[in-house]
**Q** 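Quick one: the structure is below, and I'll ask about it shortly.
Residue numbering restarts at 1 for every chain, and letters A, B, ... go by the order of the sequence lines.
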Number of protein chains: 2
Amino acid sequence: MATVLLNKPEKAKMHATNVRETLPLGQILDGDCIAAMRSIPAKSIDMIFADPPYNLQLGGDLSRPDGSAVDAVTDDWDKFESFATYDAFTKGWLAEARRILKPGGSIWVIGSYHNIFRVGTAMQDAGFWILNDVIWRKSNPMPNFKGTRFTNAHETLIWASMGEKAKYTFNYRAMKTLNDELQMRSDWVLPICSGAERLKKGGTKVHPTQKPEALLYRVMLATTNPGDVVLDPFFGTGTTGAVAKRLGREWIGCERESNYREAALERIEMALPLDESALKTMQSKRQAPRVAFGALVENGYVPAGTTLFDKKRRHSAEVRADGSIVAGKEVGSIHGVGAAVQGAPSCNGWTFWHVDGEGGLTPIDAARQLYLLATED
Amino acid sequence: MATVLLNKPEKAKMHATNVRETLPLGQILDGDCIAAMRSIPAKSIDMIFADPPYNLQLGGDLSRPDGSAVDAVTDDWDKFESFATYDAFTKGWLAEARRILKPGGSIWVIGSYHNIFRVGTAMQDAGFWILNDVIWRKSNPMPNFKGTRFTNAHETLIWASMGEKAKYTFNYRAMKTLNDELQMRSDWVLPICSGAERLKKGGTKVHPTQKPEALLYRVMLATTNPGDVVLDPFFGTGTTGAVAKRLGREWIGCERESNYREAALERIEMALPLDESALKTMQSKRQAPRVAFGALVENGYVPAGTTLFDKKRRHSAEVRADGSIVAGKEVGSIHGVGAAVQGAPSCNGWTFWHVDGEGGLTPIDAARQLYLLATED
DNA sequence: AAGGGTATTGAATCTAATT
DNA sequence: CAATTAGATTCAATACCCT
């Protein structure tokens, strides 16, 4: 029998491929989400989006908010019982979620003030590292008819990685593009789910808390890549699945109620996937291929002997044949010398240093872009 | 000796009056807030506003893109050994807060994702009944300098009564007036504390986390009446005291650090009734909402994959998932690509680009108008 | 005086790949 | 795994200096 030697990353990759083939992609698992998640292999999911129910009746039945339902529990002892039961439930499904997430995966949970504080605490206690809490600011909320409180006009999402040092996916550049070239903030203004998007049967809502697709769209675009596997333990009518399909992500759902499952499957069937070109997003420079400054020198884009200046000509440096630069006593990389002359902890030499041309000073980053275009493919 | 018979309400009223006379109104109690609150009689306070340490758990130094350093919160008072330590601290001060609050009083606590979930859980466990969580959306937050997460652009306040059936004060009418005759929502847009309001000594800020008076103004106007007693267990530089004085409320503070106490007393001494200009900043701004093209994409008004044309169909471009558009080699915003294909210095993409519909070409600005109609309050 | 340009700053869990 | 190196990264408001 032939032996093939594999290094560690290759082994991991092959393992991931094998595991992926066993995943129930594009399926809604029937039953309790904890039991359903138990059937998923460990470290196999890229992102989890969870919209857990928030109210736990004493009978052990979970119910969703429908605006009129009020907790029947009244005295303090029962309240404690209720919170304790809810916390145990939260701890249970979070533990399974943690098991099936990849080390570089992340989790989103949405909730309101009834449950989000307990969920957030449980997430921290389970070892998740909160990256942001995000506010979904509803642009057209239900008014508070009685005038007894502030209009409850938002919901809270928590986004967390597997741990303090864990990696995670964040498509910073795509978010910035989506927000007209400003950093995306932690407060998102989006309309509630209504109109044609709202699933109805016989004139009534199929699901009391159907989330808008725009919300999932932003979540997925921000924190997953095409082809990633997204799991939703409280699938409901399948907003997560519909958006995943549209955005070229794989999905898995868990849902106990058959009428929700049916509505979800029908809905996702109708969803149209975007083609590959439309799925492309603005790439960050971090993802662009690295170019050594020395390559520009070798190829004559910035010849040896060129004098570099900072934007205000307060500093200058000379380029040497090996791509190092010299400024007074400082010798080294464009970054190191840039940092040294400024007395700064670090410096991006590509944008700090300029060459003197016909139209004034041009950052050497422009030469890098030219080089990248010329050497593409 | 004459005997005066008093009925029960009169007795309670007299008791309240006597207790009130023993309260350290207009004073800052020196020392740990738990010990300080122990000196306050039970059921004597109308409202508590608490801004406890956030337990930020910051890593190393952080520098801005220009190389300058970020002045972080490094004070000892924000350092806790573990979540367990922080939880014990929270439980301790909440218990005292609960003891001194009147049955019809209420409590506000402000925090960030670092601590607010733990605080909210502790409040529920202590028996407080959450009435709202309120989002302070900062109009000018500190950016995320490294592009690693969403800009942390908000903080969360929790407002709670003494229990599910407990009474509380809510001045619905005042809030509606303050909000241009619309119900006050659970998200408040306010600037951070800066400029003349920010207390400084020798050019540097006295307190690292001074809260804006506008925030306290809205809190107090909404949930207290003139003459009410407001206590702040983490008084700092006395924003609560200054606003209480201006609004005709009584105040009590607790503060360990003498330099904060001194700054606070001096500041409150100077506090004057609010003038017109200050009042204006307290009011909700009804400014025209800015719409990013990306919002139309994620909400399906202009789906990814759509082809855009200029009015005469000389140019076309394709919409991508993140709201960028592609025309040949040009990739970027509707404005940038519009300018590039025309060879123009600038371009209003909203009027330049059109979508092909039943009635011919329609400018994408029409979709923006539709979106605005759907999201208007 | 008005306006333009530049510097400063705010509750921040703030890099990633290679050696 | 720690140390090193390459190199990516900011928005709104205020303050102050200069025409």
**Q** Pairs counted as Watson-Crick or G-U wobble with both distances under 3.5 Å: what dot-bracket string results for DNA chain D, using | for bases tied to another strand?
**A** .|||||....|||||||||
**Q** Say you draw a straight line from NZ of A:Lys176 to OG1 of A:Thr281; how long is it, rounded to the nearest 0.5 Å?
**A** 14.5 Å
**Q** Looking across every strand, which nucleic acid part, if any, lies under 4.0 Å from A:Cys347 by heavy atom: base, sugar-phosphate, or nothing?
**A** base
**Q** Is it the case that D:dA6 (base atoms only) and A:Ser346 (side chain only) share a donor and an acceptor within less than 3.5 Å, ignoring hydrogens and angles?
**A** no
**Q** Does a nitrogen or oxygen in the side chain of A:His335 sit under 4.0 Å from OP1 or OP2 of D:dG7?
**A** yes
**Q** Strictly by modelled atom types, are A:His154 and B:Asp133 linked by a side-chain donor-acceptor pair under 3.5 Å?
**A** yes
**Q** How is B:Arg64 classified with respect to the nucleic acid when contacts are heavy atoms under 4.0 Å: base, sugar-phosphate, or nothing?
**A** base
**Q** If you take the centroid of each ring, where Trp contributes its six-membered ring, are B:Phe234 and B:Trp77 closer together than 6.0 Å?
**A** no
**Q** Return yes when atom CD of A:Gln287 has more than 12 non-hydrogen atoms of other residues, nucleotides or ligands closer than 6.0 Å, and no otherwise.
**A** yes
**Q** Is the phosphate of C:dA16 approached by A:Tyr168 (side-chain N or O, under 4.0 Å from OP1 or OP2)?
**A** no
**Q** Please work out if A:Leu131 contacts a base, only the sugar-phosphate, or nothing of the nucleic acid, heavy-atom cut-off 4.0 Å.
**A** nothing
**Q** To the nearest Å, give me how far apart CZ (B:Phe145) and P (D:dT10) are.
**A** 10 Å
**Q** Reckon A:Lys167 has a side-chain N or O less than 4.0 Å from the OP1 or OP2 of C:dA17?
**A** yes
**Q** Categorize A:Ser333 for me: base, sugar-phosphate, or nothing, with a 4.0 angstrom heavy-atom threshold over every strand shown.
**A** sugar-phosphate
**Q** OP1 or OP2 of C:dG10 sitting under 4.0 Å from any side-chain N/O of B:Lys205?
**A** yes
**Q** Aromatic rings A:Tyr301 and A:Tyr371: how do their planes relate, parallel, tilted or perpendicular, breaks at 30° and 60°?
**A** perpendicular
**Q** Given that B:Thr148 and B:His207 both sit by DNA chain C, which one's nearest nucleotide is further toward the 5' end?
**A** B:His207
**Q** Looking only at side-chain N and O atoms, does B:Asn152 come under 4.0 Å of OP1 or OP2 in C:dA12?
**A** no
**Q** Measuring to OP1 and OP2 of D:dA12, would you say a side-chain N or O of A:Arg185 lies under 4.0 angstrom away?
**A** no
**Q** Select base, sugar-phosphate, or nothing to describe what B:Lys200 touches, counting heavy atoms under 4.0 Å on all strands.
**A** nothing
**Q** Donor-acceptor pair under 3.5 Å: do we get one between A:Arg286's side chain and the base of C:dT15?
**A** no
**Q** A:Arg368 side chain N/O closer than 4.0 Å to the phosphate oxygens (OP1, OP2) of D:dA8?
**A** yes
**Q** Just checking, is any N or O donor in the side chain of A:Ser333 or A:His335 under 3.5 Å from an acceptor N or O on the other one?
**A** no
**Q** Verify whether the ring centers belonging to A:Tyr168 and A:Trp159 lie closer than 6.0 Å.
**A** yes
**Q** Using a heavy-atom cut-off of under 4.0 Å over every strand shown, decide if B:Asp51 touches base, sugar-phosphate, or nothing.
**A** base
**Q** Looking only at N and O atoms, is any donor in the side chain of B:Lys138 or the base of D:dA12 less than 3.5 Å from an acceptor on the other one?
**A** no
**Q** Checking understanding here: a glycosidic angle within 90° of 0 is syn, the rest anti, so what is C:dT13?
**A** syn
**Q** Within the supplied structure, the quantity of interest is the number of heavy atoms (other residues, nucleotides, ligands) at a distance under 6.0 Å from B:Lys205 NZ; does it exceed 12?
**A** yes
